[in-house]
Structures are given as C-alpha cells and as structure tokens.
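Working notes, structure below.
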Number of protein chains: 2
Amino acid sequence: MLDLTRLVALRELALRGTIAAAADALGYTASAVSQQLAALEREAGVPLTIRAGRGVVLTPAGERLVARTHEMLDTMEVAEAELRAEAGGLSGTVRLAVFQSAALTLVTGALIDLRDSHPGIRVVVTQTEPEEAFADTWAREYDLVVAEEYPHHSAPHYPGVIRRPLVRDALLLAVGGEWAGAASVAELADAAWVMEPPGTATRHFAEQTCRVAGFEPDVRFASSDLQAHVQLVERGLAVAILPGLMVEHAGIGARVIPLEGGPRRTVFTAMRASSRLDPAVQAVRTALEEQAGPSAGS
Amino acid sequence: MLDLTRLVALRELALRGTIAAAADALGYTASAVSQQLAALEREAGVPLTIRAGRGVVLTPAGERLVARTHEMLDTMEVAEAELRAEAGGLSGTVRLAVFQSAALTLVTGALIDLRDSHPGIRVVVTQTEPEEAFADTWAREYDLVVAEEYPHHSAPHYPGVIRRPLVRDALLLAVGGEWAGAASVAELADAAWVMEPPGTATRHFAEQTCRVAGFEPDVRFASSDLQAHVQLVERGLAVAILPGLMVEHAGIGARVIPLEGGPRRTVFTAMRASSRLDPAVQAVRTALEEQAGPSAGS
DNA sequence: CATATCCGTAAGCGCCGCTTATGCTTTTCG
DNA sequence: CGAAAAGCATAAGCGGCGCTTACGGATATG
C-alpha cells in the first residue's frame with residue numbers, strides 16, 4: 001500500500017510547484033522530500049514527476065494520484081471531525097481567513113464571545129486576499145473563511161468548498177461636511193471619494209455605482225482600512241459607500257442613507273465540506289452567526 | 001493527522017475480533033498491534049476499544065472510524081489501480097475465490113490462457129464457501145470471486161462489491177444405466193440421486209426441483225466433486241442435475257436432457273468496485289469471459 | 001482449580017527517515 | 001556573457017519510531 005505521508009508530500013509539491021517550497025511547508029528539508037518522492041515513485045512504478053528546467057512538474061499520473069490523495073485527506077478530515085465531535089471536544093485550532101473589509105466587527109465580536117464560551121478553541125485569524133483565501137482553504141491552509149460578495153461580482157468557487165450566508169448587509173452612502181445634504185449618489189459627482197484600493201470587489205462596486213449615476217468618481221483617498229473611511233467622512237473630507245455592519249457597530253458621526261435600489265452585499269462563510277462537521281469549526285461559525293444577529297441565515 | 005497504518009490495524013481488529021488474530025493477519029505480534037491501537041487511541045482522543053472479557057470490542061466511535069478507514073482504503077485501491085493501468089502493468093497478484101461447483105472448467109481454462117497471454121499476472125486461487133467469499137472480498141482478502149446463482153436463491157449482496165454476469169448456464173438432467181430412458185424429473189422418483197452436500201445452493205435447487213416434480217429424492221451420494229457425479233451417472237449408479245458447462249467441457253458418457261422450464265444458473269464474477277479498474281483484475285476477468293464463450297456478458 | 005487465551009506494559013534493538021554536506025543543472029542578473 | 005543563485009539529487013550519518021521478546025494480570029474453559 002502506498003504511504004500516505006509520501007502522498008501528502010506529492011500533494012504539497014503539486015500545490016507549491018517546487019520541492020523546496022513543499023519541503024518548507026511541511027517543515028522538512030528539500031532533501032527529505034526529494035527522497036520521499038523518489039520512494040513514492042519507486043512504489044508507484046510509474047514516473048510521477050519529470051524535471052522541467054531547474055524544477056519539477058507532475059506527470060498526468062502524478063496529477064491523478066494527487067486527486068486521489070485529496071479524496072483520502074477529505075475522508076481523513078471527516079474521520080477526525082467525527083472523533084472531535086465524539087469527544088465533545090470543543091477544542092482545537094481553527095484557522096480563520098478574513099478580508100479586511102468583510103467583517104472586522106463581526107470577527108472581533110465573535111472572538112470575544114468564543115473566548116468566554118469555548119476557551120478550548122484557539123482561533124488563528126489571518127487577513128488575506130479573497131483569491132488566495134479560497135484556494136488556501138481548499139488546500140487546507142485555512143479552515144474557515146469570512147468573505148463577502150457584491151452584486152454582479154461573484155467570488156470564485158472551488159469544488160469541495162461550501163459556502164453558507166451569514167448576513168445580507170445593506171450598502172449605505174455616508175456623507176458629511178459640505179455634502180451632508182446630498183440624498184443620492186448622483187448629487188455627489190463633484191465630491192471627493194474614499195474607496196478601497198483598486199482591484200477589490202468593493203472598489204469595483206463603488207466605482208460602478210458612481211458610473212451608473214452618471215459620473216466617474218473623484219477618488220481622492222484609497223485605503224483598505226474602513227476605519228479610515230469613517231474618519232474621513234466624519235470630518236467632511238470625503239464621502240464613501242460603507243457596509244451597514246460597519247456603521248451599526250462602530251457608529252458614525254455623519255449622515256448615512258441607503259443606496260438607490262437597496263443593493264446589499266452578502267457576507268458568507270466558506271469551509272471545506274469535509275470539515276463542516278468539526279465541532280470547533282461549527283462553534284466558530286455559530287459565534288459569527290450570533291454576531292451577525294438573529295436575522296442571520298440557518 | 002491520523003496514521004493510516006494504525007487505522008488499518010483497527011480495521012483488522014474490527015474484522016477479526018481479537019487483537020491477536022488481527023496481529024496474525026497483519027504479520028505482527030499481538031504486542032505490536034496493541035501498541036499501535038494504544039497510540040491511535042491517544043491520537044484520537046476518545047476510547048476506540050473497550051475490554052470485554054478477555055478480548056476487546058470496538059466502541060461506536062471505533063466503528064465509525066473503521067468505516068472511514070474503509071473509505072480511505074477504497075480510494076487508495078483506486079489510486080493503485082490507476083497507477084497499474086498507467087504502467088500498462090499487466091502484473092501483480094490477483095487473489096481469486098471460486099466455489100468448487102461454480103466454474104472448475106472455467107477457471108482452469110482461464111488460467112491456462114492467462115499463463116500465456118499475461119505471464120506477469122500471478123493468480124492465487126482459493127476454494128471457499130460462498131458466504132465467506134463475498135465477505136472476504138469485501139474485506140480485501142480476495143480480489144475476484146467466481147460465483148453462481150440459482151433461480152430463487154440469490155447470493156448475499158455486500159455494499160461496494162459489484163457483480164457482473166459471466167454466463168447463463170443451462171441445468172441438465174444426466175441419466176444413465178437403467179434410467180437412461182427417462183425424459184423428465186418426474187420419472188426419477190425411484191432413482192438414486194447424487195447431489196452436492198446439504199447447505200449449498202446447488203443442493204437446495206436440486207431438491208426443490210424434485211419436490212416440484214412430486215417426490216422427495218433418494219439422495220444416495222453426496223459429494224462436492226462434480227467429477228464424481230459424472231462418474232456415478234456414467235456407470236448408472238445414480239442420476240444427477242448437472243450444469244451445462246460441466247457437460248460441455250468434460251463430456252459425459254450418458255444421456256443429458258434439459259430440465260423442464262429450461263432453468264439456468266447464472267455464473268458471475270464479483271469484485272470490489274474500487275478494484276474494478278485494476279488491469280490485472282480486468283485481465284483475469286476477461287480471460288474468464290473468453291472461457292465462458294462469445295455469449296458471455298459485456 | 002488448573003490451564004490456556006488474551007491483553008497490556010517494559011525493555012531493548014533494528015531500521016526507516018531525517019539532516020547535513022556536496023555536486024550538477026538551469027535560470028537569472030549584473 | 002559570465003557569475004551567482006535556485007533547485008534537485010545523492011551519499012553519509014545519526015536519532016527516534018516501532019517492532020520483538022519477556023512478563024504479569026485478567027478471564028474464559030475443561
């Protein structure tokens with residue numbers, strides 16, 4: 001029978017691209033992984049890797065083997081989750097990936113609740129980019145993702161990674177200072193805007209909203225820190241489109257009005273299907289739901 | 001992550017009932033397996049076994065874990081089969097279980113063909129009882145089973161073990177000596193019969209056939225060796241119901257006539273679904289099909 | 001009640017697998 | 001275009017995991 005640890009090494013190679021990177025991720029030296037793979041290839045009886053330049057790439061047989069390895073790891077994860085559920089074991093580490101803008105208030109609140117209700121659970125929060133977050137969750141780097149989705153801007157979908165909505169969050173126009181009297185986006189064609197940095201879904205949505213209203217926004221400030229947005233709006237230096245959760249939790253010393261058409265972002269969680277039974281993961285998710293309020297889904 | 005070899009040890013314990021037997025099956029000492037299971041239990045965090053008398057039984061958590069282990073082993077088997085297929089590797093060992101009565105001629109013929117066409121394949125043939133054969137195939141003791149099924153007498157069905165028909169084989173009445181003139185079962189109420197030992201499907205079918213014809217057969221000889229049946233019939237000492245394959249291949253110096261209603265037994269192969277892609281298993285099955293004749297299924 | 005069976009622990013040792021060291025190839029950069 | 005860096009493979013050495021042997025406690029069996 002093939003050695004599962006060696007298969008994991010192969011899987012890591014497939015994910016990282018080089019033996020050196022895989023070894024680093026596994027906490028071994030490159031030599032160790034090289035030997036593991038050589039042994040695996042001997043057992044397999046067919047070439048699994050071929051040298052390509054100064055690196056290696058997987059053969060089709062290697063790719064298939066990696067796919068099977070994933071299946072086995074999925075099953076392994078289910079088995080472990082069942083054991084933890086059996087133990088009543090509300091313990092263990094949950095690796096949580098969040099986007100800055102997505103749920104700062106949600107996550108901090110949930111962490112505080114969890115610290116009291118389930119002290120055995122250790123949550124490691126990592127801020128990351130949406131694209132990586134899903135890929136790395138699929139690759140078992142994270143166990144849970146808190147992400148957001150804007151209208152007409154769907155997040156990437158990975159097989160085996162399931163998502164469940166947390167809260168649908170109204171998008172609000174926040175105006176202060178000289179623009180405090182504005183009642184719609186259309187009246188803010190000449191305003192200074194604060195938005196997130198380019199390339200994010202949030203930024204894209206805000207820009208599109210302005211364009212639909214008939215103008216190209218004058219983005220004077222770009223920051224991924226929503227607290228900064230609030231500050232700028234309160235001082236009348238800029239106007240912004242902010243998520244409702246941000247306004248509710250943090251409060252804001254400025255006028256907020258709903259956007260036309262009442263668009264909403266969807267904040268949702270994502271996790272591997274094979275880890276959805278893990279009681280620790282479930283507990284973290286439940287805590288997030290409670291933070292989201294009784295209106296939250298399922 | 002849980003250690004797969006230890007999970008296999010747990011699985012073997014679940015199958016065999018005692019640590020000693022599991023150790024024996026795995027080729028280890030009982031002490032080694034005991035230590036493996038202790039380590040596994042430590043990793044799992046929940047009790048997997050409890051002492052019961054002088055043995056041990058699995059806890060529900062242990063049973064669940066064994067079920068997951070089976071899933072992983074299934075995937076592992078598929079992975080290995082894919083590798084062998086990739087290698088074009090018509091090699092390896094196929095463990096074949098047959099029932100004496102089922103397909104003696106079929107199997108011997110197939111083995112001869114295989115020896116020439118695929119010398120790399122090593123076939124280990126074991127004669128066994130139907131009930132064990134399926135259970136042991138499910139438990140990975142055998143890779144392929146050649147079995148038979150009589151009308152109104154279905155063989156046990158195991159999940160994950162698939163079956164494919166090989167040949168539908170007419171059941172014939174073989175008469176010699178003083179009974180050579182008989183044309184139907186009903187005329188043989190006073191004849192001496194040779195049948196298989198009680199408890200087999202074949203025996204049950206033969207008895208039922210006689211009862212339907214209106215008499216309880218006088219079973220003077222019981223043997224699981226069909227060659228002995230042929231001998232007895234040829235010498236006129238008894239009459240018998242014999243499968244068509246037996247008559248065709250071996251020839252018989254007596255009159256054979258079809259049974260009323262043309263009942264047939266079905267000879268079929270069974271194997272784990274996860275091993276159906278193994279080229280060696282497929283080759284053995286193909287060889288059996290060719291023996292069964294061009295009329296054979298699929 | 002004696003014996004056999006079975007499980008678990010302790011001690012010891014062999015072997016697998018990791019690390020370090022080195023060489024070769026390929027890519028990158030000055 | 002040459003030097004340096006990155007990547008992989010092999011050899012040698014050593015530590016730890018996991019096996020075996022040995023023994024004691026517990027429980028069916030005759």
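Convention: sequence-line order gives letters A, B, ...; per-chain numbering from 1.
Chain A approaches DNA chain D within less than 4.0 angstrom (heavy atoms of the protein), and the contacting nucleotides run 5' to 3' from D/dA5 to D/dA11.
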Short heteroatom pairs, N/O only, protein and nucleotides 2-6 of chain C, under 3.5 Å:
| from | atom 1 | to | atom 2 | distance (Å) |
| --- | --- | --- | --- | --- |
| C/dC6 | O3' | B/Arg54 | O | 3.2 |

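The terminal axes of the helix from C/dC1-D/dG30 to C/dG30-D/dC1, fitted over 5 pairs per end, subtend an angle of 30° to the nearest 10°.
Between A/Ser31 and C/dT19 there is no side-chain N or O to OP1 or OP2 distance below 4.0 Å. Applying the 4.0 Å criterion to OP1 and OP2 of C/dG8, one finds that B/Ser34 has a side-chain N or O inside that range.
At a threshold of 4.0 angstrom between heavy atoms, the contacts of A/Gln36 are confined to the sugar-phosphate backbone, with no base atom among them.
Contact check on A/Asp143 versus A/Arg272 returns a salt bridge, with a Lys/Arg side-chain nitrogen under 4.0 Å from an Asp/Glu carboxylate oxygen.
For the 3.5 Å distance criterion, the side chains of A/Ser275 and A/Glu80 fail to qualify, holding no donor opposite an acceptor. A/Thr202 and A/Glu148 form a side-chain donor-acceptor contact under 3.5 Å, judged by distance and modelled atom types alone.
With contacts defined as side-chain heavy-atom distances shorter than 4.5 Å, the pair A/Glu12/A/Val33 does not qualify.
Regarding A/Ile50, its CD1 atom lies at a distance of 16 Å from the C1' atom of C/dT26, rounded to whole Å.
Put simply, CZ on B/Arg68 and CE on A/Met76 are 12.0 Å apart, with the number rounded to the nearest 0.5 Å.
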